[in-house]
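This structure is a prediction, so every number in the text was calculated from the model and none was measured. By convention here, the first residue in the shown sequence is residue 1.
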Amino acid sequence: MSRRIVVAIDSLKGSISAADAAAALAAGWAEAAPADTVDLRPMADGGEGTVDAFAAAVPGSQRMPVTVTGPDGAEVAASWLLLPPTHDAPAGTAVIELASTSGIELLGDRRHGLDADTTGFGQTIAAALDAGVSRLVLGIGSSASTDGGVGMLRALGARVTDGAGVDIAPGARGLAEVVSVDLSGVRPLPDGGAVVLSDVSNPLLGAAGAAAVFGPQKGLDEAGVERADAGLARLVRAASDAGLAARAAAESAGAGAAGGTGFGLLLWGARLTPGAPEVAALIGLADAIAGADAVVTGEGSFDGQSAAGKVPSFVSGAARDAGVPAALVAGRIASDADVSAFAASASLTGLAGSPQASLAEPARWLRAAGTALAESPALAR
């Protein structure tokens, strides 16, 4: 008996796009179960691949090229996506992905934990505003920095200065000197506002905050984490002294996303929301799952952070609500990760024998994962 399978996988960061990952899984599934129908629904949660997901789902969307300052100060050729006009956005909607302008993958194996910043993200937002868009959709996952969104805000017209009135240095390093935050010159939001798609719900400060949780993967050692968190706290105080609702913003869910860029966007007046549900609604994922016999989802590294708004946790929840079994595919599944929500799972590292082998040929091992899952008794109907 044939089955209908939905593949709703995120990109495997720095390795393979969501669309290519889904296609590779489908190819492997077809080798083992050629009678099954596989419905590809590439996903994103605000990080890498968000623009691609919107581009694939919205007819008439147009990529708009832009050259901006990358997270390490070098020029980056990027683009934002212009969605066609709608009743709510008569001049169109801009979809902008921080990952492509200020993202960690732009640095390769290098890390600039204290110095990377979000200037390029702000420059891209400014370019979309120059084009006259009615609304902004901003994906803020996969950042390289812990600058509290200061680089972005300065690209939009903010002044963030030290005690002598001099602009602070870029990145988390400069936050140690911040005394004044002036948003009076910041460009206004478009008429339709800005919705921010975040893949995490962390606050800005403390043990669950931007520096402590995400700083190490951006190159911060223990001392660097402490320095960055203290700098972010100093930024909050300076913004509060300027009459901004900074303390409330710092405690908001998602304020710690993208090294505190969520906090900076809240100060600007944007609205934060979990990214995965927004993308899922756009691509009609709920209806697709409702008619499926099984769902396959995944991401690059499935670990303790995956439960906080990442694609696999969202998709598995949607599958559970529909009474459909879900399977997980990940480049790496951490030893302490909770996979109890999944009927079956496959690790590319396990299939390939090593992380290096799986990273060298992700499509090959995704095909192997698709074949293995197609034959799994846990997904049989």
Side-chain angles (χ1 to χ4, degrees), residues 10 43-51 53-54 80 88-89 93-103 118 121-122 124-125 128-129 133-143 145-153 155-156 158 181 183 186-206 208-214 232 235-236 239-240 244-282 305-311 313-314 317:
D10 199 353
M43 273 287 291
D45 54 19
E48 182 182 281
T50 298
V51 162
F54 276 82
W80 56 277
D88 295 331
T93 294
V95 182
I96 302 171
E97 183 182 292
L98 182 148
S100 68
T101 59
S102 305
T118 51
F121 185 49
T124 310
I125 294 171
L129 294 174
V133 298
S134 299
R135 181 172 178 259
L136 297 170
V137 174
L138 308 173
I140 62 170
S142 308
S143 76
S145 70
T146 312
D147 75 340
V150 166
M152 171 203 67
L153 288 172
L156 292 171
V181 175
L183 301 190
V186 171
R187 301 182 62 162
L189 292 166
D191 291 342
V195 59
V196 182
L197 309 183
S198 173
D199 59 352
V200 301
S201 56
N202 301 68
L204 181 66
L205 304 174
V213 176
F214 307 110
L232 290 169
L235 175 65
V236 172
S240 296
L244 301 169
R247 289 187 172 85
E251 295 172 359
S252 299
T261 303
F263 169 75
L265 286 164
L266 285 169
L267 292 185
W268 190 34
R271 176 175 64 87
L272 268 61
T273 189
E278 293 284 332
V279 175
L282 178 76
Q305 295 179 16
S306 298
K310 302 287 188 178
V311 164
S313 64
F314 174 81

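The closest side-chain heavy-atom distance from Val186 to Trp268 is below 4.5 Å. Between Val200 and Phe214, some side-chain heavy-atom pair lies under the 4.5 Å cut-off. Residues Thr101 and Trp80 have side chains not in contact (no heavy-atom distance under 4.5 Å, counting atoms from C-beta outward).
Side-chain N or O atoms of Ser102 include one that pairs as donor or acceptor with a backbone N or O of Phe121 at under 3.5 Å. Using modelled atom types, no side-chain atom of Glu48 and backbone atom of Ala99 make a donor-acceptor pair closer than 3.5 Å. With hydrogens and angles disregarded, a donor-acceptor distance shorter than 3.5 Å links the side chain of Asp147 to the backbone of Thr118. Side-chain atoms of Asn202 never come within 3.5 Å of backbone atoms of Ala210 as a donor-acceptor pair (strictly under, hydrogens ignored).
One distance of note links CD of Glu278 with CG of Leu197; it measures 6.0 Å at 0.5 Å rounding. The line from CG of Leu205 to CG of Leu232 is 6.0 Å long, rounded to the nearest 0.5 Å. Atom CG of Asp191 sits about 12.0 Å away from atom CG of Asp88, to the nearest 0.5 Å. If you take OG on Ser313 and CG on Asp45, they are separated by 8.5 Å, rounding to the nearest 0.5 Å. Leu235 CG to Leu267 CG: the interatomic distance, rounded to the nearest 0.5 Å, is 7.0 Å. Of the inter-residue distances, the one linking Leu266 atom CG with Leu272 atom CG reads 4.5 Å to the nearest 0.5 angstrom.
Among the candidates Ile125, Leu183, Leu189, the single residue satisfying the side chain to side chain contact (heavy atoms under 4.5 Å, CB included) test with Leu156 is Ile125.
The two residues Val196 and Ala270 have their closest heavy-atom pair at CG2-CB, 3.6 Å. Across every non-hydrogen atom of Leu98 and Gly141, the tightest pair is CD2-O, 4.0 Å. Considering all non-hydrogen atoms of both residues, Ala212 and Gly206 come closest at CB-O, 3.4 Å. Closest of all the heavy-atom pairs between Ser143 and Gly259 is OG-N, 3.7 Å. The nearest pair of heavy atoms linking Val236 to Ala250 is CG2-CB, 3.9 Å. Taking both residues in full, the closest heavy atoms of Ala257 and Ile140 are given as CB-CD1, 3.7 Å, listed atom of the first, atom of the second, then distance.
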Practice item. Run the numbers on Val195 and Arg135 for side-chain contact (heavy atoms from CB on, under 4.5 Å), then give the verdict. Key: CA-CA 8 Å; Val195 59; Arg135 181 172 178 259; 3.6 Å; yes
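For residues 244-263, the set of pairs meeting the side chain to side chain donor-acceptor pair (under 3.5 Å) definition, not counting sequence neighbours, comprises Ser240-Arg247.
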